[in-house]
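In what follows, a structure is listed as C-alpha cells, so that the remarks can point back to it.
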Amino acid sequence: MLAKQTPLSKQMLSKLLQTSSSKPKQLKKIHALVLTSGLSVKNSLLTQLLENLILIGDMCYARQVFDEMHKPRVFLWNTLFKGYVKHKLPFESVVLYQKMRDLDVRPDEFTYPFVVKAISQLGVWPCGFTFHAHVVKHGFETLGIVATELVMMYMKFGELSSAQFLFESMQGKDLVAWNAFIAVCVQTGNSALALEYYYKMCADAVQFDSFTVVSMLSACGQLGSLEIGKEVYDRARKEGIDCNVIVENARLDMYLKCGSTEDARFLFEEMEQRNVVSWSTMIVGYAMNGDSDEALALFNMMQREGIRPNYVTFLGVLSACSHAGLVDEGKRYFSIMARSNDKNLEPRKEHYACMVDLLGRSGLLEEAYEFIKKMPMEPDAGIWGALLGACAVHRETKLGQEVADLLVETAPDIGAYQVLLSNIYAAAGKWDCVDKVRSKMRKLGTKKVTAYSSVEFEGKIHFFNRGDKSHPQTKAIYEKLEEILKKIRNMGYVPQTGSVFHDVETEEKESSLSHHSEKLAIAFGLINGRAGDPIRVMKNLRTCEDCHVFAKFVSRLTSRDIIMRDKNRFHHFRNGVCSCREFW
DNA sequence: TTAGGGTTAG
C-alpha cells in the first residue's frame with residue numbers, strides 16, 4: 001500500500017495517517033516517509049502523527065516525534081502534556097515542563113490545567129506548592145478551570161484546609177467547580193465534607209445536576225447514610241434531573257454499601273437500562289454483604305443474558321467465593337480468566353490477591369504461598385497483606401513473621417500490617433515479640449488509624465470513638481450498654497479478651513473492651529431507632545471478635561437485626577447468628 | 001487548535 005520511493009504529497013500522507021491511526025507499524029513507515037519527503041509542511045504532518053501516537057498510547061515515540069519538530073508552538077506542548085496526563089505519566093510531564101522553561105517557551109492558559117493535574121498524579125507535595133507559585137506568576141490562578149484543578153490537587157494531597165480556602169475564594173464558581181470539589185472530597189474519603197458542601201451549594205441556590213447526585217450517592221454509600229441518600233435521590237427526581245444509568249448504578253451501590261440488599265435488588269429489577277457496571281456492582285455488593293450464592297447466581301444470569309463481565313466483575317465473583325470458602329469454584333473462575341483470550345480479563349494483581357485470600361482463609365497457607373511464588377508479576381503489599389491476614393486467622397506465627405518481614409520491605413509505613421503482625425504474636429502468646437513490634441512502630445512513627453463507628457439517625461450521622469463521652473446522650477447510652485451487658489452475660493456472653501483480631505485499641509483493659517465504638521453505636525441505635533428497624537452500624541476498621549460475639553447476643557436478646565459494616569465486609573446479625581458464618 | 005465534574009474494584 002505504501003509506495004517506497006515515490007515522494008508523496010502532503011495530502012496523501014495526511015490521508016494515510018488518518019487511515020492508519022491505530023496501526024503502530026504503519027505509523028512508523030509513514031513517519032519515515034514524512035522525514036524523507038522534503039516537504040516544507042513537516043510540522044503539520046508530524047502533529048497528526050503525534051496525535052495518533054498519543055491515541056494509541058505510545059508516549060515514548062510521541063516524545064521522539066515532538067523532539068523532531070522545528071520550534072513547536074505552545075499548543076503542541078499542550079498536546080503532549082495532555083497525552084502524559086491521559087496515560088498517567090506525571091514524571092514525564094514535569095521533565096517536559098522543565099524543558100519548556102529552559103527553552104523560554106511561555107505556557108498559556110491551556111498549559112496549566114494539564115500540568116497541575118500531572119502534579120496531582122505525581123503526588124509529591126512540595127512540587128504542588130512550587131507549581132501553584134508558577135500558576136500565580138503567570139497570572140492564571142483566577143482562571144476557573146486552573147483554580148478547579150488546583151483545588152483538586154490540594155485535596156488529593158490531603159491539604160484540606162488549603163483546598164477549602166482556595167475553593168471558597170474562587171470568584172463566580174460554576175456548577176462544574178462545585179461538582180469537582182464535591183467529587184474530590186468523596187474520592188479522598190472526605191464524604192462528610194462533601195455533604196457539607198452539597199448543603200452549601202443548595203443554600204447558595206446553585207442548581208445541581210446528575211454529576212452532583214452521583215457524587216452524593218457515593219458519599220452516602222461511604223458514610224452508610226441510607227436516609228440522606230434516598231433524600232438526595234428523591235429531590236433530584238422532583239427537580240427533574242435526568243437520572244441516567246450512571247446515577248442508578250450509584251444508587252445501587254449506595255444501597256449495597258448501606259447493607260440494604262433488598263433495596264438494591266428491587267432497584268436492579270426495575271432498572272430500564274443495565275450495563276456491566278450495574279451487574280458488577282450487584283455481584284460485588286452481594287459478596288460484601290455475605291450473600292455469595294446470590295452473587296454467583298447473578299454472575300451466571302449475567303452470562304446467560306450475554307453481558308460480558310469485566311475484571312471488576314471477576315473481583316466480585318472471587319471475593320464471593322472467598323467469603324463462602326468456595327475454594328474449587330474460586331479456582332475455576334480464576335482459570336476462566338487465565339484462559340480467556342480477552343486481554344481485559346487477564347488476571348491482575350487484585351485477582352491474585354483475591355486468590356491468596358481465598359486459599360489463605362481456607363487454611364491452605366502453603367498453597368497460597370506457592371501461588372504467590374508462581375505469580376507472573378512482582379507481588380505487592382496487597383498480596384503479602386492477604387497472606388499475612390490469613391496467617392493471623394490461622395495463627396501461623398512462623399509464616400506470618402516471614403511474610404511480615406517481606407512486607408516491611410514493600411510497605412514499611414502501613415500500620416495495619418504491623419498491627420496484624422502484633423496480633424499474630426499476641427494470639428501465640430509471644431508478648432515479648434508483641435512489644436518489639438510495638439516499639440518499632442513507635443520508633444518509625446507508624447500511625448494507627450483511630451477506630452470509630454457511626455450510626456445514622458434522622459438524617460444525621462452520629463460518630464463514636466472508643467470510650468466516647470462526647471455525645472449528648474452519653475448517660476443514656478452507657479446505661480443501656482450496662483443493662484445489655486448484664487442481660488447477655490446471663491445468656492452466656494463471655495468477653496473475648498484474647499481475640500485474634502484485636503486491634504491495637506483492644507489491647508487495653510477489659511473494661512475498655514466493653515466501651516468499643518461499635519458497642520456504643522449499637523446502644524445508641526437501640527435507644528433511638530424504631531423497634532423492628534435494623535440497626536446499621538458502620539465501622540472504619542475491622543470489627544473485633546468480642547464485638548462480633550456481643551452483636552450476636554444483642555440481636556437475639558432484642559430481636560433486632562444489626563447490620564454492621566466493617567472495613568472488609570458486612571455482618572448481618574439476626575437472632576444470634578451472623579451472616580458471615582464466622583468466616584472473616 | 002488544545003482545559004475543570006460522575007458509577008463497580010483498590
Side-chain angles (χ1 to χ4, degrees), chain A residues 44 47-48 50-51 54 72-83 85-86 107-117 120 140 143-153 155 167 170 173-187 189 194 201 208-219 221 236 241-257 264 271 273-288 309-319 348-354 380-383 385-386 567-568:
Chain A
S44 85
T47 302
Q48 215 180 328
L50 184 74
E51 277 168 358
I54 290 174
R73 287 191 303 183
V74 189
F75 94 85
L76 275 168
W77 290 82
N78 294 345
T79 305
L80 198 55
F81 279 126
K82 182 171 132 187
V85 165
K86 187 181 168 198
D108 67 3
E109 57 188 313
F110 298 104
T111 313
Y112 282 109
F114 295 127
V115 173
V116 175
K117 189 169 245 163
S120 295
F140 295 126
L143 209 71
I145 295 169
V146 180
T148 305
E149 279 294 357
L150 282 169
V151 167
M152 294 185 77
M153 178 189 81
M155 206 64 199
F167 182 72
M170 270 174 79
K173 290 186 277 285
D174 63 4
L175 178 60
V176 179
W178 279 97
N179 283 344
F181 186 63
I182 290 175
V184 79
C185 284
V186 181
Q187 284 157 15
M201 186 179 179
F208 64 87
D209 66 0
S210 64
F211 281 74
T212 330
V213 178
V214 170
S215 288
M216 287 314 297
L217 290 172
S218 185
I241 286 164
D242 169 42
C243 291
N244 57 21
V245 67
I246 300 180
V247 176
E248 298 300 351
N249 286 344
R251 189 151 70 107
L252 266 187
D253 182 54
M254 187 270 293
Y255 288 145
L256 291 160
K257 288 217 170 86
M271 276 167 75
Q273 207 193 334
R274 289 188 291 218
N275 58 19
V276 63
V277 177
S278 327
W279 287 89
S280 305
T281 303
M282 287 300 286
I283 291 168
V284 169
Y286 271 128
M288 230 171 32
N310 64 16
Y311 75 101
V312 181
T313 325
F314 272 99
L315 281 176
V317 168
L318 292 177
S319 127
R348 306 183 186 192
K349 272 185 185 161
E350 298 94 310
H351 300 103
Y352 280 90
C354 267
D380 64 358
I383 308 264
K567 200 165 185 287
N568 294 337

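The sequence lines fix the lettering, A, B, ..., with proteins before strands; numbering per chain opens at 1.
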Let's see if you can work this out: which of [options] has an atom nearest to the side-chain heavy atoms of [X]?
X	options	answer
A:Ile246	B:dA3, B:dA9, B:dT7	B:dT7
A:Gln187	B:dT2, B:dT8, B:dG6	B:dG6
A:Val277	B:dT8, B:dA9, B:dG4	B:dT8
A:Ser215	B:dG6, B:dT8, B:dG4	B:dG6
A:Ser210	B:dT8, B:dG6, B:dA9	B:dG6

> Does A:Gly144 offer a backbone N or O that forms a donor-acceptor pair with the side chain of A:Thr148 under 3.5 Å?
Replying inline: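 Side chain of A:Thr148 to backbone of A:Gly144, a donor-acceptor pair under 3.5 Å: yes, one is there.
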> Can you tell me if A:Asp253 uses its side chain to pair, donor with acceptor, with the backbone of A:Leu256 under 3.5 Å?
Replying inline: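 It does not hold such a pair.
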Any base atoms under 4.0 Å from [X], or only sugar-phosphate, or nothing? Heavy atoms, all strands.
X	value
A:Ala177	base
A:Val284	sugar-phosphate
A:Leu76	nothing
A:Asn275	nothing
A:Val247	base
A:Asn244	base
A:Thr281	sugar-phosphate
A:Phe181	nothing
A:Lys349	nothing
A:Asp253	sugar-phosphate
A:Arg73	base
A:Lys173	nothing
A:Leu143	base

> Taking OP1 and OP2 of B:dA9, is either one under 4.0 Å from a side-chain nitrogen or oxygen of A:Lys257?
Replying inline: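 Checking B:dA9 against A:Lys257, a side-chain N or O does come within under 4.0 Å of OP1 or OP2.
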> So, is A:Lys82 near the phosphate of B:dA3, with a side-chain N or O under 4.0 Å from OP1 or OP2?
Replying inline: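 Yes, such a contact exists.
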>> Test of understanding: with side-chain contact (heavy atoms from CB on, under 4.5 Å), list the residues that count as partners of A:Phe208, not counting sequence neighbours.
In response: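 By the side-chain contact (heavy atoms from CB on, under 4.5 Å) rule, A:Phe208 matches A:Tyr198, A:Met201, A:Cys202, A:Thr212, A:Val213, A:Arg235, A:Ala236, A:Glu239, A:Ile241.
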> Any side-chain heavy-atom pair from A:Ser319 and A:Met288 closer than 4.5 angstrom?
Replying inline: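 Contact flag for A:Ser319/A:Met288 side chains = no.
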> Stepwise, does the side-chain contact (heavy atoms from CB on, under 4.5 Å) test hold for A:Tyr311 with A:His351?
Replying inline: CA-CA 8 Å; A:Tyr311 75 101; A:His351 300 103; 3.6 Å; yes
>> At less than 3.5 Å, do the side-chain atoms of A:Tyr311 and the base atoms of B:dA9 form a donor-acceptor pair?
In response: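 A donor-acceptor contact between them is present.
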>> Tell me whether the side-chain N or O atoms of A:Asn249 pair up with the base of B:dG6 as donor and acceptor below 3.5 Å, since no angle test is needed here.
In response: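 Between B:dG6 and A:Asn249, which were checked side chain against base, a qualifying N/O pair under 3.5 Å is absent.
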> Separation of A:Leu252 atom CG from B:dT7 atom P, in whole Å?
Replying inline: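 Rounded to whole Å, this separation is 14 Å.
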> What integer distance in Å separates A:Phe140:CZ from B:dT2:P?
Replying inline: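 Value for this atom pair: 16 Å.
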